[in-house]
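Scroll down for the structure; my scribbles are underneath it.
Every value quoted in this text rests on a predicted model; they were computed, and no experiment measured them.
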Amino acid sequence: MTNGISENSLYVGLYLPGQEAPTTAALLKLERNNLQESGHLAYGLGYLDRPDAQALNPLHLPLQRESFRLPTRLLREGGALPLSIKDALPDAWGLRVLANELGGRLPSEREQLLLTNDDRVGAMVFSESRDMPPPAEQAHDELSQLAEAVRRLQYDMEIPPPLKRLLLRGGSLGGARPKASFMHDHALWLAKFPAAGDPLDVQTLEAAALDLAKLCGITVPQHITLPNGRGETALLSRRFDRLGEDAQQRLHFLSASALLDIPYESSAGSHVKFARVIRRLSLRPGADLKELFRRLIFNLLIDNTDDHLKNHGMLWAGNERYVLSPAFDIVPQLTNLGYQMLSIDGTTQESSLELAVQSAAHFDLSADQASAIIRKMASIVYGQWWLHATLQDVPLLLRQRLESCFGRQKEIIGAGQFGY
């Protein structure tokens, strides 16, 4: 660093279709000048000549020979790192795992990208050299070992080296809740564990919500709940971005944040804006638009206000086409706040079924079709939730809280005009 100026470079790799090792795709260069950051990203010429080359983001980083200039931004506003790359950064839990690995020191974004290649969502990997890191072997571990490692980290207890290794498998998966990757029956699963101080069993609650979502015509990952050895429950959901024997193949994933080029913390995004992206990119736009509408309605019905831009995304489907990924992180918040993190139409954060109907045309639906979908989904959610909560062993007191929550939610979202 000289005169407050520093430079660093990272090579960006992708697991291409059917491949079990990453291919070097692009070079990212960032320059910091005191409190500002700028940079460039360029695809390798050899990569561009490959017939199977994929863009890191077909809308904002399309395949081209010219380099992309990354606009200068203040570091406190996120810096110059493209949102497509920010997708690969860990969130709160992953940062806690990495800080523990580094002796309590918070890692830089560069370190975060380099330290979390093995288990992050999607197909991107990062390297300090043109050579990409080899894929790591996925070990078959006991769920109880993972749960113990998570518990020790949460309560600031000493963590033996073998358990530290297990923790790193949750270092890049995003979200604030404790989690780690887990090999089961030659497939990769995401294991979610109780958080310290949890007042309720979030794992069984999420499992019941996923069951209801599937009944409502929403694609969800295969999922199960299992005891973790301490009288607590872990939720396992099969990773939808991993394919092949022992999950060695990866699918490129882009969040709605990256596809819209809007930071997920911002309130600038909306379901309608994401619908426009789906119309442009989807291999099956009609089906994906209608499913996005169902997800919007489902979140309103169950009081899931945590539906931000990183909780929606698309998976690569070939020829620069994508499909809506299975739904994830769908949990009733039990707060009845009356607003959504992700706006319906971009004009308000209000939780409103009527506003959803007014926006129906953006999802290739008429107002009558949208109303029919709402009535059918409401009958499933409000008519069957107790059964599925019971089947998932949601505790009785939590079921009673859900009953009160849903009663209030019906009034907030205006379910009365749809017969509820």
Side-chain angles (χ1 to χ4, degrees), residues 22 88-122 125-128 132-204 206-207 223-239 241-242 245-248 250 329:
L89 291 171
D91 284 339
W93 172 255
L95 277 175
R96 187 169 180 179
V97 169
L98 293 178
N100 177 267
E101 177 70 10
L102 297 172
R105 176 177 62 84
L106 284 176
S108 66
E109 288 187 343
R110 176 188 176 86
E111 289 174 308
Q112 292 173 44
L113 293 172
L114 290 170
L115 289 170
T116 54
N117 280 321
D118 294 333
D119 290 291
R120 72 167 47 92
V121 174
V125 294
F126 299 88
S127 176
E128 293 182 295
M132 288 291 117
E137 182 179 348
Q138 295 286 356
H140 296 253
D141 300 298
E142 293 292 333
L143 191 64
S144 59
Q145 291 179 311
L146 280 173
E148 178 63 13
V150 164
R151 187 182 73 86
R152 286 177 172 271
L153 177 59
Q154 291 190 90
Y155 289 99
D156 296 320
M157 300 167 65
E158 182 180 354
I159 306 173
L163 295 188
K164 275 196 171 188
R165 175 180 55 82
L166 300 184
L167 274 179
L168 282 174
R169 295 184 198 160
S172 63
L173 295 167
R177 298 193 61 79
K179 62 185 71 66
S181 290
F182 176 72
M183 283 297 295
H184 173 66
D185 196 21
H186 299 287
L188 194 63
W189 296 66
L190 178 63
K192 293 185 177 182
F193 300 100
D198 265 352
L200 49 86
D201 188 342
V202 178
Q203 294 73 241
T204 58
E206 183 172 354
H223 58 278
I224 55 175
T225 54
L226 291 175
N228 68 13
R230 286 184 162 269
E232 297 173 328
T233 303
L235 170 65
L236 270 65
S237 60
R238 186 164 178 168
R239 292 279 297 267
D241 59 335
R242 296 291 191 268
E245 184 74 7
D246 289 331
Q248 290 299 317
R250 303 189 188 187
D329 285 354

In the structure I gave you, are the side-chain heavy atoms of [X] and [Y] within less than 4.5 Å of one another anywhere?
| X | Y | answer |
| --- | --- | --- |
| R250 | R242 | yes |
| V150 | N228 | no |
| H184 | R238 | no |
| Q154 | W93 | yes |

Where do [X] and [Y] come nearest, in terms of heavy atoms and distance?
| X | Y | value |
| --- | --- | --- |
| D241 | V121 | OD2-CA, 3.3 Å |
| A149 | I159 | O-CD1, 4.4 Å |
| L98 | P107 | CB-CG, 3.9 Å |
| A88 | F126 | CB-CE1, 3.7 Å |

Point to revise | Check against side-chain contact (heavy atoms from CB on, under 4.5 Å), L188 and M183 | key: CA-CA 5 Å; L188 194 63; M183 283 297 295; 3.6 Å; yes
Study note, to complete from the structure: In this structure, CG of L226 is separated from CZ of F182 (nearest 0.5 Å) by 7.5 Å
Review point. Out of curiosity, R239 CZ to D119 CG, how far, rounded to the nearest 0.5 Å?
Key: 6.0 Å
**Study point:** E232 with R151: basic N within carboxylate O range, under 4.0 Å
**Key:** no
Show me the side-chain donor-acceptor pairs of residues 190-203 shorter than 3.5 Å, one per line, residues at least two apart or across chains.
{"residue": "K192", "atom": "NZ", "partner": "E206", "partner atom": "OE1", "Å": "3.3"}
{"residue": "K192", "atom": "NZ", "partner": "E206", "partner atom": "OE2", "Å": "3.0"}
{"residue": "K192", "atom": "NZ", "partner": "D329", "partner atom": "OD1", "Å": "2.5"}
{"residue": "D198", "atom": "OD1", "partner": "R177", "partner atom": "NH1", "Å": "3.4"}
{"residue": "D198", "atom": "OD2", "partner": "R177", "partner atom": "NH2", "Å": "2.4"}
{"residue": "D198", "atom": "OD2", "partner": "A195", "partner atom": "N", "Å": "2.9"}
{"residue": "D201", "atom": "OD1", "partner": "Q203", "partner atom": "N", "Å": "3.2"}
{"residue": "D201", "atom": "OD1", "partner": "Q203", "partner atom": "NE2", "Å": "3.3"}
{"residue": "D201", "atom": "OD1", "partner": "T204", "partner atom": "N", "Å": "3.2"}
{"residue": "D201", "atom": "OD1", "partner": "T204", "partner atom": "OG1", "Å": "3.4"}
{"residue": "D201", "atom": "OD2", "partner": "T204", "partner atom": "OG1", "Å": "3.3"}
{"residue": "Q203", "atom": "OE1", "partner": "R177", "partner atom": "NH2", "Å": "3.3"}
{"residue": "Q203", "atom": "NE2", "partner": "T233", "partner atom": "O", "Å": "3.2"}

